[in-house]
Structure formats: structure tokens, C-alpha cells
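Data first, discussion second: the structure below is written as C-alpha cells.
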Amino acid sequence: MSQVTLTDSDPGLARARPDRAQTAVELTGVGKTFGTGAGAVTALRGIDLRVAHGEFLCLLGASGCGKSTLLNLLSGLEEPTAGTVTVTTARPSFMFQEPALMPWLTAARNVELPLQLAGQGRSARRTRARELLELVRLDGVGEKRPHELSGGMRQRVALARALAAATSTDGGAPGLLLMDEPFAALDAITRDVLQGELLRVWEATGTTVVFVTHDVREAVRLAQRVVLLSSRPGTVVREWRVDEHGPELHDEITGRLRQVITSHAA
Ligand SMILES: Nc1ncnc2c1ncn2[C@@H]1O[C@H](COP(=O)(O)OP(=O)(O)OP(=O)(O)O)[C@@H](O)[C@H]1O
């Protein structure tokens, strides 16, 4: 039996520290198979995973291991073919490798868009967009259009818009941010700066983050917990709590990732 449950969180949580003992996301025995018969592809099998409110989790795996499929299940874009997916936060929002901004809208209007779609009035959404642009250190560029901004600035606008979407349903309660390799297309220096900014924004907002990457360094820098997935089908191989390890963690995870890739190729 499959089930996707999305419930809005308590409006009283607005801007408050979330209760980290509470479950934001729970997957139980989740599987996803595309197609049927000889051409069927099992992308995920037997995934059991719990993410607490306010937690920062990185999903790490080689290309094709089902990371994006897992995010699509969490967002409700896909239905599992086995198991249950339960999301108890405000409606999840996505951030991708490409910022996917509307080129004809200003930065501020791009951030306002999810609030407008959620039915928020003009004055409230303008104020919220201004706050979010300040949060991602883009105050002063709200009237610029995407082509006038650098790649890093465009990703900051995309982050502000994702935060707007994640909090649009209940007036600011911490939501769920699903991030699919959002910094992979940026140069190394901009990526490093934005990783730091994301951590600051995460601390400030209490948003639950599920961040997909195939970069071990990025996973160890950002996450509280790193979950390694195998490929075809994607299963949970191992997970690490980053604060329980020292600098050796990077090499340990890299070694396991290499094993996973080698055994898949064999
Ligand atoms: N709509 C679909 N129809 C058929 N097969 C699919 C579909 N979506 C994904 N797959 C298959 O499921 C597997 C997992 O795909 P997915 O995109 O989730 O992996 P990924 O880990 O995100 O890969 P990448 O890092 O390359 O983006 C792959 O074998 C892919 O070909």
C-alpha cells in the first residue's frame, strides 16, 4: 500500500525553533519502480528514513541511484509503488541546479510568485519578499531582472523563492526545502560562499533540508547527517552523524562511495 500525506504544521511555530524531536519526513519500506514487465526500472527499494524537524540531511550517491526520484516522492510529484511517505511540514519546495527564474520578472517578483499563487495579498507578499532577499544578502537588487544578476546571485534569488514557497501555506512556519544539487553548476568559489550562506539561512529559519549531492566534501560540510545510497536499485547503504566524527569522515565516506560505485559497475 502506498500513501503520501502532506499536512500543514502549526501556525504557532512561525519563526520559532522547530521541535527537533518531531518527525518532518518519514519513509517506511519505500520502493519506486518505473514501468512494468521486462522494461521496468526499480529506482528505489526498501527505503526506511526519518528526518527530524529542522534537520539538515544530505543524500549522497552516484549518478542514477535514485536521489532525484526520492525528492520527487517527498514533494508528492511521484507516488511510491511500495511503502509509505509521510511529510508533516508545510508544503515542500524545490531548488534545482538551474535557478529557473522567470526572466521577465524582477528578482523581487520572482520571490513573490509562490506567495501570489498561495493567495497572499500584495502588500504582505512584497514585505515578505523584501525580508527574504535581505536574508540571502540581496537587499538592493530586488528591481533587477535575472539577466542582470550573476549565477551566484540568481541562485540566491532561487533560494529566497524556495523559502517563500516553503513557508507560503501558513504564514512563515518552518517548511521543507528539497535541494537537488543546487550549487553543482557554480564555480568553486561561488559554491563555497553559497554553502556558507545556506547554513546561515538554515540556522536562521529552522527549515528542514533534504539536500542531494554526489560531492562528499559538500555533504560533510553541510549536513548533520549523511545518507549514502546504492545504485539500481537505490537502497540506504549507510548513514553517518557528522558531529560524531572527526576530519577522517570525508575519507571514510569517499571509500564507501567508491565501493558502492565499483560493486555496481562489476
Ligand atoms: N520517469 C522515469 N521513467 C523511467 N525511468 C526513470 C524515470 N525517472 C527515473 N528513472 C530511472 O530511475 C533511476 C534513478 O533515477 P534518478 O534520476 O532518481 O537518479 P539520480 O540519482 O537523481 O541521478 P542523477 O544523479 O544522474 O541525476 C535511473 O535508472 C533512471 O533512469
Side-chain angles (χ1 to χ4, degrees), residues 17-27 44 46-68 70-71 74 89 95 97 135-137 152 155-156 159 162-163 174 176-231 234-266:
R17 276 276 133 219
D19 182 351
R20 285 170 197 261
Q22 297 287 318
T23 299
V25 168
E26 187 151 30
L27 293 92
L44 297 169
I47 305 279
D48 293 317
L49 192 63
R50 175 187 174 273
V51 187
H53 268 289
E55 188 175 7
F56 198 130
L57 180 98
C58 269
L59 292 173
L60 181 75
S63 187
C65 71
K67 302 182 297 285
S68 303
L70 195 46
L71 290 190
L74 295 182
T89 61
M95 187 172 162
Q97 195 166 319
L135 185 65
V136 299
R137 298 196 209 271
Q155 274 306 53
R156 286 172 193 259
L159 176 57
L163 288 167
L176 173 62
L177 204 47
L178 304 174
M179 310 189 82
D180 198 351
E181 303 193 50
F183 306 141
L186 300 173
D187 65 82
I189 294 170
T190 308
R191 190 183 319 142
D192 182 66
V193 170
L194 282 194
Q195 286 170 350
E197 294 290 2
L198 175 61
L199 285 174
R200 185 181 57 75
V201 166
W202 167 66
E203 283 283 344
T205 57
T207 306
T208 308
V209 180
V210 178
F211 187 108
V212 156
T213 183
H214 55 257
D215 179 342
V216 177
R217 194 173 301 283
E218 181 168 66
V220 171
R221 175 170 184 199
L222 293 176
Q224 294 176 300
R225 194 154 53 100
V226 179
V227 173
L228 176 63
L229 296 175
S230 64
S231 294
T235 58
V236 173
V237 175
R238 232 201 108 165
E239 64 173 65
W240 294 265
R241 289 202 167 274
V242 174
D243 65 0
E244 290 174 0
H245 298 268
E248 80 293 345
L249 183 59
H250 175 271
D251 290 349
E252 187 182 325
I253 298 179
T254 303
R256 285 308 296 264
L257 178 61
R258 199 169 286 143
Q259 275 176 8
V260 166
I261 293 170
T262 313
S263 63
H264 176 63

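Start at 1 with the first residue, then count along the sequence.
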For [X], which residues count as a salt bridge (charged side-chain N to carboxylate O under 4.0 Å, His left out) partner, sequence neighbours excluded?
X    : answer
R256 : none
R238 : E252
E26  : none
R221 : D192

Got a sec, which residues hit side chain to side chain donor-acceptor pair (under 3.5 Å) with [X], two or more places apart in sequence or on another chain?
X    : value
E218 : Q195, T213
D251 : none
R191 : none

Check: How many angstroms lie between CE in M95 and CZ in F183, if you round to the nearest 0.5 Å?
Finding: 5.0 Å
Residues that [X] engages under side chain to side chain contact (heavy atoms under 4.5 Å, CB included), provided they are two or more places apart:
X    : result
S68  : D180
V236 : I47, V227, L229
L135 : L132, L163, R200, V201, A204, T205

Notebook entry, point to check: Under a 4.5 Å cut-off applied to non-hydrogen side-chain atoms, are V51 and L176 in contact?
Noted result: no
